[in-house]
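Atom set for the values below is all heavy atoms of this structure, side chains included, hydrogens, waters and symmetry mates excluded.
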Amino acid sequence: MAAIEIRGLERRFSGGVVAVAGIDLEVAEGEIYAFLGPNGAGKTTTVRMLTTLLRPTGGHAIVAGHDVVREAADVRRSIGVALQEAALDPLMTGRELMHLQATLHGIPRNDGVRRSTALLNRVGLTQAADRRIGTYSGGMRRRLDLATALVHDPNVLFLDEPTTGLDPVSRRAIWEEVRKLNDEGTTVFLTTQYLEEADQLADRVGIIDDGRMAAEGTPALLKAQVGRPRLELTLVTGVNSEHTRAVEVLARFGEPLPSKNGMLMVSLERGASDIALVVRALDEAGLGVETLNLVQPSLDDVFVEKTGRHLEGADKQPAAETGVGAEQ
Amino acid sequence: MTALRGDLTMTWALMRRGVNELLRVPAAGIPGILAPTIFMVGLTAVFGSLTLLPGFTTDDYITFILPVGFLQGAGFTGAATGVNLARDIELGWFDRLLASPAPRGVLLAGTVLSASLRTVLPFSLLMIVGLSLGAEFPGVDGLLLALAIAAVFAAVAASYAVTLALKFRTQAAAPLMQAGVFMAVLFTSAYAPEPLLTGWLKDVAAVNPVTLILDAVRQGFVGGVTWSDTWPGLLALAGLAAVVVALAMRGLSRTSD
Amino acid sequence: MRGRLVWNLRVVAALGRRSVMQAFRRPQFLAPIIVFPSLFLAVNTGGAGRAVDLPQFPQVHGFLDFQLAGAMLQSTMLAGVSGAIALAMDIEIGFVDRLIAAPIARSSFVLGRLVATGMLGMIAGIWFIAVGLVFGAHIAGGVMGALVVIAMVALNALAWGTVGAALALKSGRASVAQGVFPLVFVILFLSSAFFPRGLLLEPAQTIADWNPMSLIAEGLRDPIISGLSFGSTMKGLGGIAIVAAIGTALSMWGLRARLRAG
C-alpha cells in the first residue's frame, strides 16, 4: 500500500492565487521522497494539505491509508510533522515540549517520559533538555522539532525544509538522522530547495514548479534523462586567434557552449570518456590547456530543462564537480 | 567652540531621529496619547463628584485633573523613549552609536530631549480635549509654564527609562518604565488637593517631589500663577533631573563593562 | 469513550498548565493582572477616599471595601486580554499548527487557555481579598461572602477569557490584542466599577446604567460592603453570562474561520 497517494491535489486561495494546481504522486512505504522546488513553488502548501493543516480545494490525498479531509483525525495519529517555522515555544524547555507533545498524542505519562528521554538522547539534546528553547541555536531547534515529530512513532514523517538556514555540520547531522529513521522503516516526505539534499537523501525526487509537477524519478534517472557532462577549460594563452581554433576543435566533440570569462565550454556528446580525446586533439593543434574541469549534470540542469529556469540560488551552489580523469 | 557646535549638531540630529520615528509610524504614538486621555476623561467621569467635597479647590474636576494628564503624557512619552532605546539595543543599532565619536553626554541629551519635543503632541491634544470638556483656560502664562514643565518632565522620565533600558537591555523592561512613571505622577495630589488625601497616599504625596511639580503645573488652572508656587516645583524638577541624569550617565559609561 | 474523555482532560490540563507557566515566566503577562490593578487600587483609595463623606455615598466600612470589586474586575478583564496576546503569539509563531496537526479535539486549544485564565482569575480574587483584609477592609458577608466573590471572579475571568480567545483567533496578531488594553479601561470607567452609579458624571452615569459590567461590579461588591444578597449575586452572574455568551460565540466563529483558512 502506498504511504502517500495524491490525485489532482489543488489549493486555490481567495484572491485567485493558485498555490497548487493539480498534482499527482505516490510515495511507497519505506521510501524517502524529496519534493524539490524554488521558493513559492507550492511545496509548503502541499505539505500543509497532507498534514491536515489546510484543506484542499480540489483533488484528494490519502496519507497512511486515510483521507486527509474525511479522516483527518486518523491521519494525525499516524504522521509526524516538523514544519518550516519549527513551531516551538521559546519559554518552554525542550523536555517540557516533548512531554506536551506526548500528551497531545495520548501517550500515558510514564511512557511519554521514557520516550522523551530516549528521543532527546537520540538527537543529542540531553544536556540542553532542561534549558529554555529560547536559548537554543537554529540547529538545536530543528533537532528538537524532529524529536517531537517522532514521539508517537509515526509511520510517515513530514519534514518541511528541514535544513534551511543551518550550517553544514548541522545539516549533515539531520541527514544522518533521516537516513537512520528510514532504515528503521519510517516513510519520509521532505521538501527542500537544496539540490544536494534531494540528491543525497532521496530515493525519489519530485520537482515542483509553480504549483505543478515538472518531473519525477530517482535522482540518477532524472539526471541521465537530461544532461550530458560539460567540459570547462581555459587555455594557457588568452590569444583570441587560439580561442577560435580551440572552439573549432571542441566542436568535433559536441556542442560548444558560450564562453564565460575566457572559459571555454563544450557539452560532451559521448560523455566523460571523451576527455582524453579532447585533450589530445587540442594538444595536436598546438593549444595548451591550463585548467580543465568536468561538470556532471545536476538536478538544476534537470530543472532548467523542464522549466526553462534555474532553481533559485542554484547558480550560487557549488555544482557536483569532478577533476580530470574522475570516475563516472 | 567648534567642539560645542559639533556636540549641539549631534544632539539635534539625535533629537530629530526621535521625532522622525513618531512621524514615520504615527500609530506608535497613539498609546502615549490615548492612555493619558482615557485616564483623564475616565477619572473625571468616575470621580468628578469629589468636587462637591468641602475644601476642594475647584468646581470642575476636569480643570483639576488636566495638569495630571500633562504630566502623564510627558511621563509616558519619556517611558516610550526608554522602550525605543531598549529596542535599539536589542537590534544592535545602539552599539553603532556607542562606537561613534559622539560623547556620551550628547547621546543621552539627544535621546531624552527628543522626548521633550515629542511631548508637545500629547500636551496639545490633552489641552484640546480638556478645553472641549469645559476645563478653564489657564491664561497664557499658565499654559506656557505648564508646557515648559511638561517638556522637562518628559526628559526626566526619559532619563529614568533610559537608565532601565541600559541596565536590562530588553524591551521586557517596558512595564517597569511605565509603572515607575505612573506611580511618580499619581502618588501625588493628583486626585484631590493634599489636605483631602487619605491614609498612606497623604504621607507619600507630602514627600514626593512630583507633588510640587504638579502643583506648579496646576497654576493658572487652579488659582493664578505666582512665583512662590512656581519655584518649589522648579527646584523639585531640577533635583529629579540631576539624579536621573547622573544615573543614566553612569549607566552609559558602564555599557563597555 | 471513557478513555477518550480522560485523554481530552489530560490535554486540556497540559495546555492549561502551559498557559499558567507562560504567565509566570513572562512578567509582562503577569503585571497587568496583579501589579497594575493593585497600584490603581492603592491610588484610588488614597486619592478619592474622602468620597465616603459625600451624602449620596452608600454606607461602607471604608472606601477600600468599596474599591476591591473594581480592582478584581479590572484584573480579570486584563487577564482576558493578556490571554489573548498569548494565544495570538502562539498563532504567530506557529505553535497552534502543532496543536492542529495533533489528534486532539479542536476545542482543546481554547479550553486549555480558558482553564488557565480562570485559575489566574481565582488567584487574583484571593489576592485582592487578602490585600483588602490586610489593609483593614471588612467582608460584610463573612467567609461565605468571600467565597462567593472569589468564585464570581474566577467565572468572570473565564468569561473574559472567551472574549480574549475570540480576539486572538480572529486577528491572529498580538499587536491587535495589545491595542485592546485601553478599551478595558474605557468599559470600566463607564460603569459603577470604581464609584457608585448615582455619583458618576453624565453621560457616564446613563451608560453605566446599561453596562453589564455595572451588574458584575455590584455583584462582586455587595458581599463585601453589605452582605450576601441573592438578587445582587444573580444579577452579577447574569452580567457574566452575557459576556461569556458573546465571547463563546465569537470564539467558536473565530476558531472555525482559522481552521478553515489554514
Which one of A/Asp89, A/Val81, A/Asp145 satisfies the side-chain contact (heavy atoms from CB on, under 4.5 Å) criterion with C/Arg98?
-> A/Asp145
Has C/Phe185 got more than 12 heavy atoms of other residues, nucleotides or ligands less than 6.0 Å from its CZ?
-> yes
Under a 4.5 Å heavy-atom cutoff, which of A/Ser14, A/Pro108, A/Ala72 has the most pairs with chain C?
-> A/Pro108
Please say whether more than 12 non-hydrogen atoms of neighbouring residues, nucleotides or ligands are located less than 6.0 Å from CZ in A/Arg109.
-> no
Answer yes or no: are there more than 12 heavy-atom neighbours, outside C/Trp127 itself, under 6.0 Å from its atom CH2?
-> no
Give the member of C/Ala14, C/Ala101, C/Ala102 that has the highest number of heavy-atom pairs under 4.5 Å with chain A.
-> C/Ala101
Between C/Phe95 and A/Leu88, what is the shortest heavy-atom contact and its length?
-> CD1-C, 4.3 Å
Applying a strict 4.5 Å limit to non-hydrogen atoms, the region of C/Met21 in contact with chain A is side chain
Side chain from CB out, backbone as N, CA, C, O: work out which of these in A/Met92 comes under 4.5 Å of a heavy atom of chain C, or both, or neither.
-> both
Verify the neighbour count for atom CD of A/Gln127: are there more than 12 heavy atoms of other residues, nucleotides or ligands below 6.0 Å?
-> no
Inter-residue atom distance C/Gln22.CD - A/Leu91.CG, 0.5 Å rounding = 6.0 Å
Between A/Ala73, A/Gly106, A/Gly80, A/Ala149, which has the largest tally of heavy atom pairs under 4.5 Å with chain C?
-> A/Gly106
Check step by step if side chain to side chain contact (heavy atoms under 4.5 Å, CB included) holds for C/Trp7 and A/Leu104.
-> CA-CA 8 Å; C/Trp7 176 24; A/Leu104 294 180; over 6 Å; no
Which answer fits A/Ile107, side chain, backbone, both or neither, if we ask what part of it has an atom under 4.5 Å from a heavy atom of chain C?
-> backbone
Any side-chain heavy atom of C/Ile93 sitting closer than 4.5 Å to one from A/Pro90?
-> yes
Minimal heavy-atom distance between C/Gly94 and A/Ala87, with the atoms involved, is O-CB, 2.8 Å
C/Arg25 and A/Arg132: CA distance, side-chain angles, deciding distance, side chain to side chain contact (heavy atoms under 4.5 Å, CB included) verdict | CA-CA 11 Å; C/Arg25 285 188 189 176; A/Arg132 293 203 194 163; 3.6 Å; yes
Is the number of heavy atoms from other residues, nucleotides or ligands under 6.0 Å of C/Arg256 CZ greater than 12?
-> no
Would you find more than 12 non-hydrogen atoms of other residues, nucleotides or ligands less than 6.0 Å from A/Met140 atom CE?
-> yes
Could you look at A/Leu100 and say if it's the side chain, the backbone, both or neither that has a heavy atom under 4.5 Å from chain C?
-> side chain
Calculate, to the nearest 0.5 Å, the distance between atoms NE2 and CZ belonging to A/His99 and C/Arg18 respectively.
-> 15.5 Å
Does any non-hydrogen side-chain atom of C/Asp97 lie less than 4.5 Å from one of A/Arg48?
-> yes
Would you indicate whether C/Arg10, at its atom CZ, is surrounded by more than 12 heavy atoms from other residues, nucleotides or ligands within a distance under 6.0 Å?
-> yes
